[in-house]
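First up is the structure itself, then whatever we jot down about it.
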Amino acid sequence: MTFQEIILKLQNYWADYGCVIWQPYDIEKGAGTFNPATFLKALGPEPWKCAYVEPSRRPTDGRYGENPNRLQHYYQFQVVVKPAPDDSQNIYLNSLRSLGIDLVKHDVRFVEDDWESPTLGATGLGWEVWLDGMEVTQFTYFQQVGGIELEPITLELTYGLERIAMFIQEKESIFDLEWVKGYTYGDIHKQDEIQFSTYNFKVADTAMLFQLFDMYEKECQKLLKEDLALPAYDYVLKCSHAFNMLDARGVIGVTQRTGYIGRVRNLARRCAESYVRLREILHWPFLKDNPVVTTHHGKTQPEH
Amino acid sequence: MFCNKKIEGQETLYLLPDILGEIIKGISFPKSMKWKGNHLLFARPIRSLLAIFGDKVVPVEIDGIKANKYTFGHPFLSEKKIEVPKADGNLYKQLLKQEKVVVDVTERREAVQTKIAQLMSPYDASIDDEDLLDEVTNLIEYPNAIECNFDEEFLDIPADVIETAMKEHQRYFPMKKRDGKLLAKFVAVLNRSESSAHTTIRGNERVLKARLSDARFFWKEDKKIQLEKRVEDLKNLSFLEKLGSYYDRTNRIMELSGFIAHTLINVNALTIDDAALAKRAAFLCKADLLTQMVSEFPSLQGIMGKEYAGWDGEEPAVALAIAEHYMPRYATDNIPASKIGAVVGLSDKFDTISSCFALGLIPTGSQDPYSLRRHAYGIIRILEEHGFTLELKDVFHRSLSLLPLFTKADSDHILHEKLVPDIKGFFKDRLFQINIERGYRYDLVNAVLNAGIEFDDIYNFLQRLKAIANISQEKWWPELVTVVERTFNIGKKANTTGSVNENLFRDTEEYTLWDMYKKAEADIRKRIDEKKYEEASEMYCNIFAKPVHAFFDKVFVNVEDERVRNNRLLLLREINELYSKKIADLSQIIMPN
């Protein structure tokens, strides 16, 4: 099964489950969790089901294309379901079966894992899912997002697409994965790895990035004052990426690091709060089928 | 007024739901989660409940889940709903085993252990990590294990790195010969039978290969920068708030190593060459925190420092000390074997304890986020096992005064009056606790802790404790205790600081006792100075038991004449202190009736 067939199968599986097939968000980010379809939609009482591919950037993980399994740019397949279904493990395992993985033949393991994103003020508990020792999915029940305790709970599944492909295609290097007949992953992305590793580690203008961080932060604060949660959140992502770049350039000390993460988290928290207010003013539009719901903001009677 | 109230007995079956509900909700976990948002917290989601009493379902309900008589087998190998007809532990285990779940932890652990051992024995290898065995036991339901290989070319990476990559990331068991040599093989634990093991073996081998490739990348990259070149960059790595960077900390550890080395050189416990090596090791000891390998595998701190120092061509003793200075890393770990490692390790721990106390980060109850108790335990064991003589008070005074927190003006006051006594109190508690755990009687430990010279010299404290524990088995022990106790009880009333005046003696027994004291004092002190505590004690007991009792029988201490009275009290205090000042305060001893 080719890399793109894996994506298509997962999309079909989750579309059949009733998910909105979302699209990658057009700003650099470290993981699918940063996409507003996860971060913002996990907040508040409204139900939400969604799946999408997310190109993810981790500047510090660049290896100039020399390491067979580390990339500074890779793909996640992200699924969020709110409220978390009772038979979530089975639903997930069926998605693996839909990829043709024989769960009786392989060793499948749920290894306890506590997940945390200090930048997003998000925490969750769940498992790493292993297939013959390879971690292929993070299976997480979000507990907090943007510092806000969640109710109901959102289930987040993050598939490592390259890893699943390596497992299915039995390849030892990401670059050898067959993307589609005639093209390997390396054909498509190896040059990116070489060029971006050089850029991330050696060339990126740090003075510019420090300045950008400040500018993004300022813009975000301005937007928050005007209750423009959605554009404000874009600037959280931009801040986060600027920080990741500075981190890769090795110009952020440990103390400073905590400070920068705190600044991004603070913005993320305020965006989350602003977004919840926005949805509440709109009377939680996605709740139209569920007339009354209790939230920790009190009873809310949605409009019909 | 009274009344009789009759409370009807209730049937067990109907009492159980509340009890079981309380038990389940009362289980506490290090971290709990919600999965619906209805505020029930548990380690992971509860999906089904099996509760039976006799052959009846206990009508308990947790979070909307009603108990029934069903449970489930292995998620992939069985997928069956199992009916458990009655409350019978053995039947329950048997039914589950049929569906590929070994429910008994001990049985599961033994099964997986046996399986691993079978795979290892042909290579003369064995399991060396019980904690990992415990962990994997709880990751599986149907234990099995497979033998896997990796490319021998990876064996040029330090063995500790390979083992850590295996254990921490993958929970694999490294195949290590009894002589410690690592083979290019490992054992992976499975949650299933071995059929189709071939695909599973290849899968696990691929995963480890990826991990080792990454480790090799770090090993290659890190070696490009010498450790000594990294020290300067420790300025960017902050330690605790207000206490500067790891660069500042490095300087403090170097200073303290110098101070400790100097003290030890004075008592011929260390050579001048050792001191120079210790200083070099202290200079380099934190530099590996900046390597990629340690940021990927934090548990390799120190160990990588040793590897990189070796690569840089540092003295082997320096490299070894870098690895050793973190020891003991956990309660049952060894202490640094080399003296140089011991000196740097002590300095590191003294600095951590001083830093935390200075910032008020003091352990309370079960809270000890900076592992200060482990550090104190490390200090105690290093001093004990290396036989190092150090005065706690002096070292901590020095260590605290190196912190950038105190001005010259307030430093002596704060250090002497507050911090040093607080830290000593903390060590007193530790010494008490550790020795109780080692099986010493608490009153013996207290007696030695409360000797006049206290426990400032920990090595000496432990020597005295051992001696006291030995002589507490002797026939003459009760007599010794009585002498020290009687002289203590009365001697503490003496309110002057003067010395004994022979001209004020009135009774024969006073003269006799004082004569005995004068004759024996030097001999006893000599033995004390030579740390021959058992001999000194026996001698003390033999000499003073009779005259002290004779004194109490014949001499009335509380006479009108204040000078005579005080002189008698002073005499008894001299006798008491000859023992209790430098050996143990036996008035703390509780004698059985």
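A note on names: the letters A, B, ... follow the listed sequences, proteins ahead of strands, and every chain is numbered from 1.
B:Phe76 places none of its side-chain heavy atoms less than 4.5 Å from the side chain of A:His106. Counting heavy atoms from C-beta on, the side chains of A:Arg63 and B:Asp214 come closer than 4.5 Å. Inter-residue side-chain proximity for B:Lys220 and A:Glu66 is flagged as met; some heavy-atom pair is nearer than 4.5 Å. Residues B:Met33 and A:Ile153 are not in side-chain contact: their nearest non-hydrogen atoms beyond the backbone lie 4.5 Å or more apart.
Proximity to chain A involves both the backbone and the side chain of B:Lys31, based on heavy atoms less than 4.5 angstrom apart. Looking at A:Pro68, only its side chain comes within 4.5 Å of chain B, counting heavy atoms on both sides. If you measure heavy-atom distances from B:His169 to chain A, the contacts under 4.5 Å come from the backbone alone. Of the two parts of B:Glu296, only the side chain, counted from C-beta on, holds a non-hydrogen atom closer than 4.5 Å to a non-hydrogen atom of chain A. Neither the backbone nor the side chain of B:Tyr246 comes within contact range of chain A; no heavy atoms are under 4.5 Å apart.
Heavy-atom neighbours of B:Phe29 CZ from other residues, nucleotides or ligands within 6.0 Å: above the threshold of 12.
Between A:Leu150 and B:Lys34, the shortest heavy-atom contact is O-NZ, 3.3 Å.
Under a 4.0 Å N-O distance rule, the pair A:Asp132/B:Arg206 does not qualify as a salt bridge. A salt bridge does not link B:Arg47 with A:Asp87: none of the charged nitrogens is closer than 4.0 Å to a carboxylate oxygen. A salt bridge between B:Arg202 and A:Asp107 is absent, with no side-chain N of the basic residue lying under 4.0 Å from a carboxylate O of the acidic one.
Contact count against chain B (heavy-atom pairs under 4.5 Å) is highest for A:Lys171 among A:Lys171, A:Gln89, A:Glu135, A:Arg163. Listed options A:Phe110, A:Phe167, A:Trp130, A:Phe142 were ranked by heavy-atom pairs under 4.5 angstrom with chain B; first place goes to A:Trp130. Ranking B:Ser245, B:Ala210, B:Gly203, B:Ser213 against chain A, the residue ahead of the rest is B:Ala210, based on heavy-atom pairs under 4.5 Å. Between chain B and the residues A:Glu170, A:Met134, A:Met166, A:Glu128, the largest count of heavy-atom pairs under 4.5 Å involves A:Glu170. Per-residue heavy-atom pair counts under 4.5 Å with chain A were compared for B:Ile140, B:Val207, B:Leu77, and the maximum is reached by B:Val207.
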